[in-house]
Amino acid sequence: MIAECAERMKKSLLMACCVLAVPMTALADGAGALIVNLSGMKSDEGRMVYAIWSGPEGWLEGNTLREGAVEITEGRSMIRFEDLAHGEYAISVYHDRNGNGKLDTGLFGIPKEPLGTSNDAKIRFGPPRYEDAAFILDRSELSIEIPVRKVF
């Protein structure tokens, strides 16, 4: 009789754990939209080139999750990412003023074209760190702002 009671308690406990785990799994597997508003462009010439990363591997070098370019209207642009899995991301953008498809640099590799990163991560003696640009998408829709400006 005691063994039977213990077995029923074990099954009840297991069932309770499963019921509680379902909402946690649903949250972890969620997806959402990310809206990125870019501002500060001094002209509408060229395009805004963007890339998004889902981890520090390849930050600013490759291994992007998505990338592309958008038009500029009255010094502003907007990028919308649909169906991104909930998680950590970082974004980098630059104003490709001359339309050559690359970030133009000058002496010592300093960018000549205006740029920006999520969280307005600062450039200090080199490119911004992924950790400074990273943010969490954890809802059905998240909107962020990225100011775009010249490095010097």
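Computation of the quantities below employed the complete heavy-atom set of this structure, encompassing side-chain atoms and omitting hydrogens, waters and symmetry-equivalent molecules. Note that the structure is predicted; figures quoted are calculated from it, not measured.
With sequence neighbours left out, the side-chain contact (heavy atoms from CB on, under 4.5 Å) criterion links Glu67 to Ala51, Thr64.
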Quiz item: Taking it one step at a time, do His86 and Ile136 satisfy side chain to side chain contact (heavy atoms under 4.5 Å, CB included)?
Solution: CA-CA 7 Å; His86 287 171; Ile136 302 292; over 6 Å; no
Quiz item: Would Asn37 and Arg76 satisfy side chain to side chain contact (heavy atoms under 4.5 Å, CB included), going step by step from the backbone distance to the final call?
Solution: CA-CA 7 Å; Asn37 295 299; Arg76 300 190 59 80; 4.0 Å; yes
Quiz prompt | Evaluation steps, side chain to side chain contact (heavy atoms under 4.5 Å, CB included), between Ile146 and Val36 | solution = CA-CA 7 Å; Ile146 298 180; Val36 183; 3.6 Å; yes
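Of the possible polar contacts, one joining the Trp53 side chain to the Gly62 backbone as a donor-acceptor pair under 3.5 Å is found. Thr117 places no side-chain N or O within donor-acceptor distance of the main-chain N or O of Ala133, the cut-off being under 3.5 Å.
At least one side-chain heavy atom of Met78 sits less than 4.5 Å from a side-chain heavy atom of Ile35. Phe81 has its side chain within reach of Ile91: a pair of non-hydrogen atoms, C-beta onward, lies under 4.5 Å apart. Inter-residue side-chain proximity for Ile79 and Leu34 is flagged as unmet; no heavy-atom pair is nearer than 4.5 Å. At a threshold of 4.5 Å between non-hydrogen side-chain atoms, the residues Val148 and Met48 count as touching.
Applying the 6.0 Å contact sphere to CD of Glu145 captures more than 12 heavy atoms from other residues, nucleotides or ligands. Within a 6.0 Å radius of NZ in Lys150, more than 12 heavy atoms belonging to other residues, nucleotides or ligands are found.
One hydrophobic cluster, built from ILVMFWY side chains closer than 4.5 Å, cannot hold both Val49 and Trp59; they sit in different ones.
Remark: the Asp132 side chain and the Asn119 side chain contain no N/O donor-acceptor pair separated by less than 3.5 Å.
Ring-centre distance between Tyr130 and Tyr89: not below the 6.0 Å cut-off.
Once rounded to the nearest 0.5 Å, the distance linking CZ of Arg97 with CD of Glu45 reads 9.0 Å.
Taking a cutoff of 4.0 Å between a charged side-chain nitrogen and a carboxylate oxygen, Glu82 and Arg80 qualify as a salt bridge.
Annotation for Ser54 and Leu65: closest pair CB-CD2, 4.2 Å, computed over non-hydrogen atoms. Considering every non-hydrogen atom in both Pro128 and Ile123, the closest pair reads CD-CG1, 3.7 Å. Nearest heavy-atom pair across His95 and Glu113 is O-CB, 3.3 Å.
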